[in-house]
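See below for the structure under consideration.
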There are 2 protein chains.
Amino acid sequence: MKILLADDDEQLQRALRITLGARGYEVIAARDGAEAIDLAATTHPDLILLDLGMPKVEGVDVIRAVRAWSKVPILVLSGRTDSAEKVDALDAGADDYVTKPFAMDELLARIRARARAAPGDEGDAAEVAIGDLTVDLVAKTIRSSAGGGSKGRAAAASVRLTPTEWRLLELFLKNPGKLLTRQMLLGEVWGPYHANDAGYLRLYVAQLRRKLEPTPSEPRYFLTEPGMGYRFEP
Amino acid sequence: MKILLADDDEQLQRALRITLGARGYEVIAARDGAEAIDLAATTHPDLILLDLGMPKVEGVDVIRAVRAWSKVPILVLSGRTDSAEKVDALDAGADDYVTKPFAMDELLARIRARARAAPGDEGDAAEVAIGDLTVDLVAKTIRSSAGGGSKGRAAAASVRLTPTEWRLLELFLKNPGKLLTRQMLLGEVWGPYHANDAGYLRLYVAQLRRKLEPTPSEPRYFLTEPGMGYRFEP
DNA sequence: GGTGATCCTCACGGTTCCCTAACGGGCCGC
DNA sequence: GCGGCCCGTTAGGGAACCGTGAGGATCACC
């Protein structure tokens, strides 16, 4: 359970880091809005604790930027008690709003509530079949489904994906049949600032096809939707 | 959007009923905990507004009883500010906790946040039927509803829409039965600067008809309103 | 310091899509 | 009957997009 902690208050950040760490959460720290957006994209946290009023990027803009490509729960911390600010943050996509000062056990309970609602990543069916290959998302392995023991090992050795390829493949396999827009794919894999560089995608989709499709020149599983994006069809 | 309002405070209940009703929510009222559990089971609300400290059944027990069989979002209202009570309610399964007195616009924003996170139990409202075809607006797919196995696959494969056609179709499907003027359609699809170029529309409406209507020459779903615009009739 | 893998940039054909233009048919007023 | 208006249809050019290959930049590891 990774939590992205975005707060510029040194003292509060240390206290939260210790408390959350003791509860078994893995804490990633960001000190301004830009860093928060960046880390949200690169580390894929399971929850974001966001302090409004950080330097560089306005808090509501951080929420909007993250929501443009991710549904990760966002819990806002703020010293402001205006209901207008709460409404803005919640409508921008935040899931909860806590005003400082707050009781630590209440914050922890709200974190648990958000984590509970979040779709469990390590749910079921970590294995997906693509043609003659079987992909295991948790073990990060690909083996040949067709019976043979030694042959299977040999095939597994021949199909190896790079980290970026795994991130991309994970997105496809978790959204079978659905259209994934370029914007969404680029945001999830490379971060929100590269949402316009379409060149990356073509290259890595081509590599996935070359490694996973039976006939890469005529894709059957990783389909192109011209002008919109790509689609994984099981 | 149905909201189950469980509150024994007569005055607050009336105020909430009026406010929520004005926002387009359908309000179901319960006056004690037992009635709340009962109505939650029989009416299947989309969200529960629950006041702690109602007679007959303890608030936290209501939460547990509902959570035993449903994941409907529960938003707790309470006059108690103890963090211990908040923790109990949240850990029992509540999704949010608001202390009275509260600002009405904040409550509404929190309701929107909870409603946003709940994508509906199973029936995706994103699917619309047009004749023998079923359109899924989020997955951007069109498949044949009629059972036929191989024929269905073939039809699904043959119906592919371009990005502009999807934008236009989305407008029609989101405004069923309503007249859409040329001005409105052109502005939404091609931007505000092309509001007078009527040529685009004829072309793309024709393509939608050719791809979706059973008999494109005699439209049944995408109707022309001469001199004004078009209308989608489900 | 060398080596290998990974990631990104750049440039080049092929395909798809979008828009322009022109033509035919139904409806209305004259 | 006749001409104008609006709608439906078809064909074609230009632009954007996609697939592919080669090569440099960066980093981990030996």
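Quick note on labels: first sequence line is chain A, next is B, and so on, each numbered from 1. Just so we're clear, the structure is a prediction, and the values are computed from it rather than from any experiment.
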What is the separation between atom CZ on Arg210(A) and atom P on dC18(D), rounded to the nearest whole Å? 18 Å
Looking just at side-chain N and O atoms, do Asp105(A) and Ser83(B) make a donor-acceptor pair shorter than 3.5 Å? yes
Think Ser217(A) has a side-chain N or O under 4.0 angstrom from the OP1 or OP2 of dG19(D)? no
How many Å lie between CD on Glu213(B) and P on dG8(D), as a whole number? 11 Å
Write down the distance between CH2 (Trp166(B)) and C1' (dT16(C)), rounded to a whole number of angstrom. 18 Å
Quick one: do the Ser78(A) and Tyr97(A) side chains pair a donor with an acceptor below 3.5 Å? yes
Evaluate the ring planes of Phe172(B) and Phe222(B), with Trp represented by its six-membered ring, and classify them as parallel (under 30°), tilted (30 to 60°) or perpendicular (over 60°). perpendicular
It should be established whether Thr162(B) places a side-chain nitrogen or oxygen under 4.0 Å from OP1 or OP2 of nucleotide dT16(C). no
Any Gln207(A) side-chain heavy atom under 4.5 Å of Glu165(A) side chain: yes
Side chain to side chain, Leu47(B) and Met1(B), heavy atoms closer than 4.5 Å: yes
Tell me, for nucleotides 24-30 of chain D in 5' to 3' order, what letter each nucleotide earns: B for a base near a protein heavy atom under 4.0 Å, S for only sugar-phosphate near one, - for neither? -------
Specify the separation, in whole Å, of atom CZ of Arg160(A) and atom P of dA5(C). 8 Å
The side chain of Thr164(A) is closest to which nucleotide in this list: dG19(D), dG8(D), dC7(C)? dC7(C)
How close or far is atom C1' of dG8(D) from atom CG of Leu208(B), stated in whole angstroms? 14 Å
Any heavy-atom pair between the side chains of Ile142(A) and Arg160(A) that's under 4.5 Å? no
Looking only at side-chain atoms of Arg182(B), point me to the closest of dG19(D), dC7(D), dC17(D). dC7(D)
Quick one: Leu223(A) CG to dC18(D) P, roughly how many Å, whole number? 14 Å
For the pair made of CD in Gln207(A) and P in dC18(D), what is the distance, rounded to whole Å? 17 Å
Please state whether the phosphate of dC18(C), meaning OP1 or OP2, lies under 4.0 angstrom from any side-chain nitrogen or oxygen of Trp190(B). no
Sorted by number, residues from residues 197-204 of chain A placing a heavy atom under 4.0 Å from DNA chain C are Tyr200(A), Arg202(A), Leu203(A), Tyr204(A)
Using whole Å, report how far NZ of Lys211(B) lies from P of dC17(C). 7 Å
Ignoring hydrogens and angles, tell me if any N or O in the side chain of Asp82(A) forms a donor-acceptor pair with the backbone of Ala84(A) under 3.5 Å. no
Would you confirm whether Asp46(B), through its side chain, and Lys2(B), through its main-chain N or O, come within 3.5 Å as a donor-acceptor pair? yes
Any side-chain donor-acceptor pair under 3.5 Å between Thr224(A) and Arg209(A)? yes
